[in-house]
J.: 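One structure, pasted below without further comment.
Since we're looking at a predicted model, the values are computed, not measured. Values below: every heavy atom of this structure, side chains too, minus hydrogens, waters and symmetry copies. Below, read A as the first sequence line, B as the second, and so on, with proteins coming before strands; counting in each chain starts at 1.
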Amino acid sequence: MPQSSPMSVSLPVVTRFAPSPTGYLHIGGARTALFSYLYAKRHVGKYLLRIEDTDLERSSEDAVKAIFEGLDWLGLPSDVEPVFQTQRFDRYKAVIEQMLEAGTAYHCYCSKEELDAMRAAQMARKEKPRYDGRWRPEPGKILPERPEGVRPVVRFRNPQEGEVLVDDLIKGPISFQNTELDDLIIARGDGTPTYNFCVVVDDWDMGISHVIRGDDHVNNTPRQINILKALGAEPPAYAHVPMILGADGVKLSKRHGAVGVIEYRALGFLPEALLNYLVRLGWSHGDQELFSHAEMLEMFDITKVQKAPARFDMEKAIWVNHQYLKTADPLHVAPEFDWHLRRVGVDPANGPALAAVIEQQRERCKTLVEMAEKSKFFFAELDGYNEKDAAKHLTADGAALLDELRAQLEALPEWTAPALHEAVNGFAEGKGLGLGKVAQPIRVAIAGMAISPPIDQTLLLLGRERTLARLAAAVSYVRNKS
RNA sequence: GCUCCUAUCGUCUAGAGGCCUAGGACGGAGCCCUCUCAAGGCUUAAACCCGGGUUCGAAUCCCGGUAGGAGCGCCA
C-alpha cells in the first residue's frame, strides 16, 4: 500500500509553504503551495505559511501583500497565522548560542575578500568552490590569529565523514557524501541568521513533518538534515517538486508573459481552473483531466508527481478554464465577471442579470476577458459597428428587413424567449429566408458585431427598449450612408 | 569544473517485464451538425534520446553515452 490511505500515516502531517517576499506569487510557487495544501489536507494534517523575509534588502511589505493576495485568490489560505522569520530573530540567536556552546558551530574570521580569493583559486583548479575549514577547531589544531576589528561569522561544523541519505518522496533516494559539503555560514558578521539555518529551526519549531518545495533546494537538503541532527531533531520527510518551464522549455520568466498568479485573474481565469491546470501539471491520476476540489483532496498523491520539469501550456490552461466556465454555477462566476466588466469600463448594473449573461455566453468564451469583451453591448451603448460585419450585413436589403422587423417586435405583447423566437423565425419564414439572413443583420445592429448568443436569447437579454432603439439606429445608419 | 537530478507524440501525461499494433488530453488536420461565434459528435497525423546488456520477452530492470536542468553566496 503506498501512502494513499490517510490512515497509514502515523505522525501528524504538517506541511508549509515558505515563500520569500521579493516579488509576486509565482506560478511555480502556487503549484508548490497547492501540493503542500493537498498533501496536508489529504492526510488530515495542517498546512502552514511562513514568510522568509530574513533578507531585509530584498524583502518588501508590498511583496508580502502580493503573495497573500495571490494565495487568497486561489483559495489556499494558511490554517493558522503565518510565521514571519524576522520576528523570530531571538530564537535563532538562542539556538546559535547553544550550538556554539555545544561545539557544533564555530566562529570564522575570514573576510569576504579572503573567501572570494579562496573560491577563485579553487575554480581555477577546477575544484568545487568550498570553505576550506581554516577556522574550524580541531583537537590539537592551532587556529590563525584573530584579526583586529573583524566581526566573525558563525559556521556550522558539518560532519566530514559518511553520507546523508535523503529519501525524497518524489525523486526517490538521493545520497550525498559529507565530504562534498562544507561548513556553511549560519550567522552573518552582524549576527543575523542565514536562510539554511532559519529554515531548519523553523521547520523544527513548527513541527513540519513534510517539506514540499521546489527542487532547486535538493542540494540544500543534506546540509539542513545535518544541522537538524546536530540539534538533536528528527529530520522531516522531503518532496522536491520540479519547476515549471515556459513554452520554450526555458525557466519561466517575465518574457514568457504571465508568471504571477494574479496576472491569471486579469487574463480571465477562474481560480479553480488555474488550480486544476496546475495540479495536472506534473501529476496525473489515470486519464482524468478535470478534478473538483474534493477529488483533488481525495486523489492527489505526491509520490506520483513527475520527476522532470513540465512546460506551462497556455492553450491547455485556457481549455481547462473554459471547461470550468461552462460547468460552474453562473452565480459563482458572477462576481469575477463583474470584476472583468468593470475592467473594460462597463457598469455591470446597467444591463441584464450577470448570471443570465454568463449562462448564454459561456459556451463561446474561453476566458472571462473574452466574455466581458463579447458582452459589453448588453451593458453599454454601442461605440460603432465592426467594419467588416457592417459592410456585409448592414446593407440596404438588411436595413429594409430590420425596419420591418422592428415594427413587428415593437408590437409584441410580451418580451419572452418563446415570443421572440416565434417572432424572428416566423419573420424569416414569411420572407422565405433562412434564419441566418435575418439573424445576422440583427446581430450587427444590436451587438455591433456578427457574434452573439442565439438571436432570440440575445434579444431577450438586451431588452425591448434597447433592441428597438438599436434596430432603428441601424436602419438610419444604413440610410444616411447612401 | 565539481556535486546532484532528469529523459514516452509539438505540449501535459498513462505505462511498475508480456494486456503496447504504446492509451488519454490540449493543440493540429478533415468531416458532420449549425442563425453567427462557439460548443458538440466522428475520423486522422504525431512519441518510448542513443548504444550495450539482463530476460523466452523491455518504454518498463542494469550499465555507458548524449542532451537538458539545478546547486556550488555573510541570497532565499
Side-chain angles (χ1 to χ4, degrees), chain A residues 18-22 52-55 57-59 85 108 110-112 115-116 119 122-130 151-155 166 168 171-172 174-177 179-182 184-190 192-196 198-199 214-222 240 242-243 245 247 249-251 277 280-290 306-320 322 326 361-366 370 374 389 393 424-425 428 433-440 442-444 447 449-456 458:
Chain A
S20 51
T22 54
E52 312 214 315
D53 53 356
T54 51
D55 184 352
E57 295 289 305
R58 299 200 305 154
S59 301
Q85 291 190 322
C108 165
C110 286
S111 67
K112 287 183 191 181
L115 258 16
D116 287 345
R119 267 192 286 270
Q122 287 162 331
M123 293 283 250
R125 271 179 270 134
K126 298 191 189 292
E127 286 170 15
K128 182 176 180 173
R130 59 206 301 277
R151 303 192 60 189
V153 300
V154 178
R155 285 184 185 272
V166 182
D168 195 280
K171 307 251 179 194
I174 310 171
S175 76
F176 298 86
Q177 294 303 314
T179 48
E180 290 295 329
L181 275 22
D182 64 355
L184 78 161
I185 293 174
I186 58 176
R188 304 181 180 93
D190 65 4
T192 58
T194 60
Y195 170 76
N196 274 300
C198 296
V199 167
D215 72 355
D216 47 335
H217 286 293
V218 284
N219 290 291
N220 285 329
T221 308
H240 287 98
M243 52 183 202
L245 307 175
V250 174
K251 190 172 178 170
Y277 176 72
R280 262 298 273 107
L281 191 60
W283 173 78
S284 63
H285 182 80
D287 288 339
Q288 191 167 344
E289 297 288 347
L290 271 11
Q306 213 73 16
K307 292 182 177 127
R311 303 186 190 203
F312 190 96
D313 182 6
M314 189 57 94
E315 293 295 329
K316 183 151 184 185
I318 286 175
W319 175 81
V320 173
H322 193 196
K326 283 198 297 181
Q361 293 280 224
R362 58 185 181 176
E363 236 171 51
R364 72 206 80 248
C365 301
K366 294 181 198 287
E370 201 183 335
K374 287 181 176 162
D389 294 342
H393 301 292
V424 178
N425 285 60
L433 295 170
L435 185 53
K437 290 279 182 232
V438 177
Q440 287 304 79
I442 303 178
R443 273 204 174 84
V444 180
M449 57 189 165
I451 300 171
S452 90
I455 201 67
D456 48 355
T458 308

J.: Are OP1 or OP2 of B/rA14 and a side-chain N or O of A/S284 less than 4.0 angstrom apart?
T.: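 A/S284 to B/rA14 OP1/OP2: side-chain N or O found under 4.0 Å.
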J.: Scan A/A308 against the nucleic acid and name what it touches under 4.0 Å (heavy atoms): base, sugar-phosphate only, or nothing.
T.: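 A/A308: backbone/sugar contact only, no base atoms under 4.0 Å.
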J.: Looking only at atom P, what distance separates B/rC9 and B/rC5, rounded to whole Å?
T.: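 The answer is 23 Å between these two P atoms.
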J.: Is A/F312 touching bases, backbone alone, or none of the nucleic acid, heavy atoms closer than 4.0 Å?
T.: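 Counting heavy atoms under 4.0 Å across all strands, no contact is made by A/F312.
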J.: Under 4.0 Å between any heavy atoms, over every strand shown, what does A/H240 touch: base, sugar-phosphate, or nothing? Just pick one.
T.: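 Result for A/H240 = nothing.
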J.: What integer number of Å spans the P atoms of B/rU54 and B/rU13?
T.: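 Comparing P positions in B/rU54 and B/rU13 gives a spacing of 34 Å.
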J.: With sugar-phosphate meaning primed atoms plus P, OP1 and OP2, does A/M243 contact a base, only sugar-phosphate, or nothing at under 4.0 Å between heavy atoms?
T.: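 It contacts sugar-phosphate atoms only.
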J.: Can you tell me the pairing partner of B/rA45 across any strand shown, Watson-Crick or G-U wobble, with both distances under 3.5 angstrom?
T.: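 Partner of B/rA45: none.
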J.: Is any N or O donor-acceptor pair between the side chain of A/R311 and the base of B/rU11 shorter than 3.5 Å?
T.: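 Flag unset: no donor-acceptor pair detected.
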J.: Counting heavy atoms from C-beta on, name the nucleotide in B/rU13, B/rG27, B/rU36 closest to the side chain of A/E315.
T.: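 The answer is B/rG27, which lies nearest to the side chain.
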J.: Measure the distance from CG on A/N425 to P on B/rU34 and round it to the nearest whole Å.
T.: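 Checked: the CG to P distance equals 14 Å.
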J.: Looking only at atom C1', what distance separates B/rU60 and B/rG15, rounded to whole Å?
T.: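 One C1' to the other, the span is 8 Å.
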J.: Just to verify, what does A/R364 make a side chain to side chain contact (heavy atoms under 4.5 Å, CB included) with, not counting sequence neighbours?
T.: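 A/R364: side chain to side chain contact (heavy atoms under 4.5 Å, CB included) contacts with A/Q361, A/P453, A/P454.
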J.: Please classify the nucleic acid contact of A/P454 as base, sugar-phosphate, or nothing, using heavy-atom distances under 4.0 Å.
T.: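 Touches a base.
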J.: Nearest whole Å is fine: how far is B/rG1 P from A/E180 CD?
T.: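 Spelled out: CD on A/E180 to P on B/rG1 is 15 Å.
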J.: Classify the nucleic acid contact of A/D116 as base, sugar-phosphate or nothing, counting any heavy atom under 4.0 Å across all strands shown.
T.: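 Nothing, no heavy atom under 4.0 Å.
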J.: Heavy atoms only, 4.0 Å cut-off, all strands: where does A/P242 land among base, sugar-phosphate and nothing?
T.: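 The residue A/P242 makes no contact with any strand.
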J.: Give one of base, sugar-phosphate or nothing for A/E127, where a contact means two heavy atoms less than 4.0 Å apart.
T.: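 The residue A/E127 makes base contact.
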J.: When all nucleic acid strands are considered with a 4.0 Å heavy-atom cut-off, which category describes A/T54: base, sugar-phosphate, or nothing?
T.: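 A/T54: backbone/sugar contact only, no base atoms under 4.0 Å.
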J.: Closest approach to the side chain of A/P129, judged atom by atom: which nucleotide of B/rG73, B/rG71, B/rU3 is it?
T.: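 Nearest listed nucleotide: B/rG73.
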J.: Is the shortest side-chain N/O distance from A/Q440 to OP1 or OP2 of B/rC37 below 4.0 Å?
T.: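 No.
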J.: Going by an N to O cut-off under 4.0 Å, is there a salt bridge joining A/K326 and A/E363?
T.: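 No, A/K326 and A/E363 are not salt-bridged.
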J.: Considering only B/rC74, B/rC26, B/rG69, which nucleotide approaches the side chain of A/R119 most closely?
T.: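 Closest of the options to the side chain of A/R119: B/rC74.
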J.: Shorter than 3.5 Å, N or O on both sides, protein versus nucleotides 19-24 of chain B: list them out with atom names.
T.:
| residue | atom | partner | partner atom | Å |
| --- | --- | --- | --- | --- |
| B/rG23 | N2 | A/D287 | OD1 | 3.0 |
| B/rG24 | N2 | A/R280 | NH2 | 3.3 |
| B/rG24 | N2 | A/E289 | OE2 | 3.2 |

J.: Looking only at non-hydrogen atoms, find the nearest pair between A/A18 and A/E52 and report the distance.
T.: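 Nearest heavy atoms, A/A18 then A/E52: CB-OE2, 3.5 Å.
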J.: Find every protein N or O atom lying less than 3.5 Å from an N or O atom of nucleotides 58-60 of chain B, and list the pairs.
T.:
none

J.: Under 4.0 Å, heavy atoms only, any strand: does A/K366 hit a base, just the sugar-phosphate, or nothing?
T.: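 The answer is sugar-phosphate, as A/K366 gets under 4.0 Å only of primed atoms, P, OP1 or OP2.
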J.: With respect to the phosphate group of B/rG40, does any side-chain polar atom (N or O) of A/K326 fall under 4.0 Å of OP1 or OP2?
T.: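 Answer is yes, contact under 4.0 Å.
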J.: Any side-chain N or O of A/K307 below 4.0 angstrom from OP1/OP2 of B/rG69?
T.: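 No, outside the criterion.
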J.: Between the side chains of A/D190 and A/R151, is the shortest nitrogen-to-carboxylate-oxygen separation below 4.0 Å, so that they form an ion pair?
T.: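 Judged by the 4.0 Å cut-off on N to carboxylate O distance, A/R151 and A/D190 do not form a salt bridge.
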J.: Using the C1' atoms only, state how far B/rG28 lies from B/rG10, rounded to an integer number of Å.
T.: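 My reading of the C1' atoms in B/rG10 and B/rG28 gives 9 Å.
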